Amino acid sequence: MTVTVLDSRPIHARDRADASWWRHAVIYQIYPRSFADGDGNGIGDLPGARSRLPYLKALGVDAIWFSPFYRSPQADAGYDVADYRDVDSLFGTLADFEDLLSDANALGLKVIVDLVPNHTSDEHAWFQAALAAGPGSPERERYLFRDGKGAAGQTPPNNWKSVFGGPAWTRVIEPDGTPGQWYLHLFDVKQPDLNWEHPQVRAEFLDIIDFWLARGVAGFRVDVANALVKDQQLPDWDGFVDDDPRPTSDSPMWDKDGVHEIYRSWRALLNSYDNPERIMCAESWVNPPERGALYLREDEFHQAFNFDFLECAWRARDLRDVIAKSLHVNDAVDATTTWVLSNHDVVRHTSRLGLPVGPRRPNGIGADDPQPDARLGLRRAKAATLLMLGLPGSAYIYQGEELGLPDHTALPGEVRQDPTFMRTEGKEKGRDGCRIPLPWNATQPALGFSATGRTWLPQPPEYAALAADAQEDVAGSTLEFYRAAIGLRRDRALGLGSLAEVTSYGADVVAYVNGGAADTLVLVNLGADSVSLPDGAQVLLSSDALSPDGSVPTDTAVWARL
Ligand code: NOJ
């Protein structure tokens with residue numbers, strides 16, 4: 001198809017005087033146990049991460065988000081925190097964190113840490129005190145302990161299910177040795193939910209936030225930000241089914257209105273710091289998007305992951321709809337849209353986009369499951385990334401996506417560690433496949449992840465060719481593609497641009513003009529036939545080779561100067 005004049009309709013205005021760093025930042029997620037291992041025990045750590053900061057600088061990102069490294073029994077890879085103010089010895093020490101932070105800041109990289117407020121570890125001092133103190137004690141009130149139903153209290157207080165499978169309640173043995181009360185855990189049995197109605201819980205988290213702000217972190221990614229407040233009656237709930245159209249807030253545990261006053265108090269604390277401006281980013285799986293935007297009101301979160309974009313099927317119409325809707329609902333509260341395609345909880349987009357279009361993404365892939373088409377997946381993933389980085393707002397990238405890493409899709413059950421796998425008896429494979437230790441050097445032990453060759457999860461054979469050193473300075477590699485995209489995005493101020501949807505192409509093309517520093521055409525062709533660029537357009541970057549006549553083939557994205 002030939003296009004000479006671009007017709008377009010505006011979907012996002014630029015006129016924002018406030019260009020705060022977080023409104024356009026590219027933020028790199030480090031999953032510490034799988035990033036780089038400094039001590040050779042097979043588990044990544046803070047000294048390992050510190051040694052790789054120059055790589056992140058060269059990649060061009062603005063900030064790093066660290067998944068939890070706090071003291072933890074690691075029942076959910078650190079999302080079960082036993083001490084919020086200390087570093088687990090697996091990952092190093094508080095001094096290691098301070099050294100890392102100071103190096104990162106010297107390189108101009110900001111550091112965001114993870115905050116896990118919905119639940120603690122069962123090994124947290126508060127929970128241990130609650131167990132010891134027994135029913136009716138003030139110690140129990142900081143969690144959600146309840147008596148069971150039935151004559152002997154043998155039935156859970158309600159029918160809620162854990163997100164990881166199985167019941168959301170576990171019965172404790174009381175100090176006198178008899179079976180007693182039950183406690184709520186929306187996730188693993190080792191992750192008891194806190195009672196956010198309790199003033200001590202609220203005060204404690206303000207103090208924890210202050211602890212890390214005072215150390216100089218640039219902010220927090222907030223775990224399950226939509227779960228803290230529950231319906232006090234704890235009524236039975238039959239849950240959502242796939243693609244359930246009901247608002248998340250219909251449930252008694254997700255997206256209750258009461259969460260917002262908590263975040264207003266946090267924001268006030270963050271606002272009392274500056275240089276840099278400190279931020280928080282919500283992990284809040286919420287439907288509909290209008291409810292998600294409530295977290296982004298000016299006195300609450302700065303950012304919230306756009307999971308609708310992450311989950312969007314590889315269909316032009318769906319992508320256009322999600323992008324327009326996201327910008328629309330967030331613009332209404334003057335908020336930034338925060339794009340993301342991969343993280344430590346989902347099948348990497350390189351693998352996800354290699355699966356048939358249509359069905360919901362699986363929670364992990366095993367050897368017996370239908371396997372992604374690796375070439376198609378990578379091709380689409382790079383196109384999706386160029387689309388994402390061409391949109392105004394902030395963007396998160398997950399470690400290893402810049403190498404084009406797929407999931408490990410054939411992990412044997414016996415090495416899997418995600419509690420989801422155990423709690424669903426293998427029905428869901430879980431998230432280990434996207435958490436594989438990174439390949440740094442194609443020929444070294446553990447592909448350069450760890451000097452001893454140890455890795456807490458095995459690396460698949462295809463990771464060797466994707467190692468960072470095999471891609472560095474190699475024209476056409478995924479790593480060089482990411483570097484170029486992040487650099488151009490900065491130069492052309494795409495993260496701060498206006499956006500107009502181009503309507504001159506057919507239904508299978510997603511195209512925008514991003515009015516950043518100058519107009520940039522951002523175009524993805526999802527159709528079977530190549531499409532041509534408008535007359536005079538000069539290609540800046542493409543996700544794959546263009547056709548010999550300069551047209552854009554299927555599953556390819558382009559940025560072009562107009
Ligand atoms: C969301 C985190 O991203 C995930 O990894 C974790 O298992 C749950 N929250 C529970 O903390």
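The figures here come from the full heavy-atom set of this structure, side chains too, leaving out hydrogens, waters and symmetry mates. As the structure lists them, so they are numbered: ligands from 1, and atoms in each ligand from 1. These numbers were taken from a predicted model, which means no experiment stands behind them.
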Name the orientation class of the two ring planes belonging to [X] and [Y] (parallel below 30°, tilted from 30 to 60°, perpendicular beyond 60°).
{"X": "Y396", "Y": "W65", "value": "perpendicular"}
{"X": "W22", "Y": "H302", "value": "perpendicular"}
{"X": "Y183", "Y": "H185", "value": "tilted"}
{"X": "F97", "Y": "F66", "value": "perpendicular"}
{"X": "F301", "Y": "Y295", "value": "tilted"}
{"X": "Y143", "Y": "F145", "value": "perpendicular"}

Per-atom contacts of ligand 1 with [X], taking only distances under 4.0 Å to non-hydrogen atoms:
{"X": "R431", "value": "4 (C), 5 (O), 6 (C), 7 (O)"}
{"X": "H119", "value": "10 (C), 11 (O)"}
{"X": "F164", "value": "7 (O)"}
{"X": "F187", "value": "8 (C), 10 (C)"}

Considering only protein heavy atoms, which is closest to [atom], and at what distance to one decimal place?
{"atom": "atom 1 (C) of ligand 1", "answer": "D223 OD1, 2.8 Å"}
{"atom": "atom 3 (O) of ligand 1", "answer": "D345 OD2, 2.4 Å"}
{"atom": "atom 6 (C) of ligand 1", "answer": "D76 OD2, 3.3 Å"}

Heavy atoms only, cut-off 4.0 Å: how does R435 contact ligand 1, side chain, backbone, both, or neither?
side chain

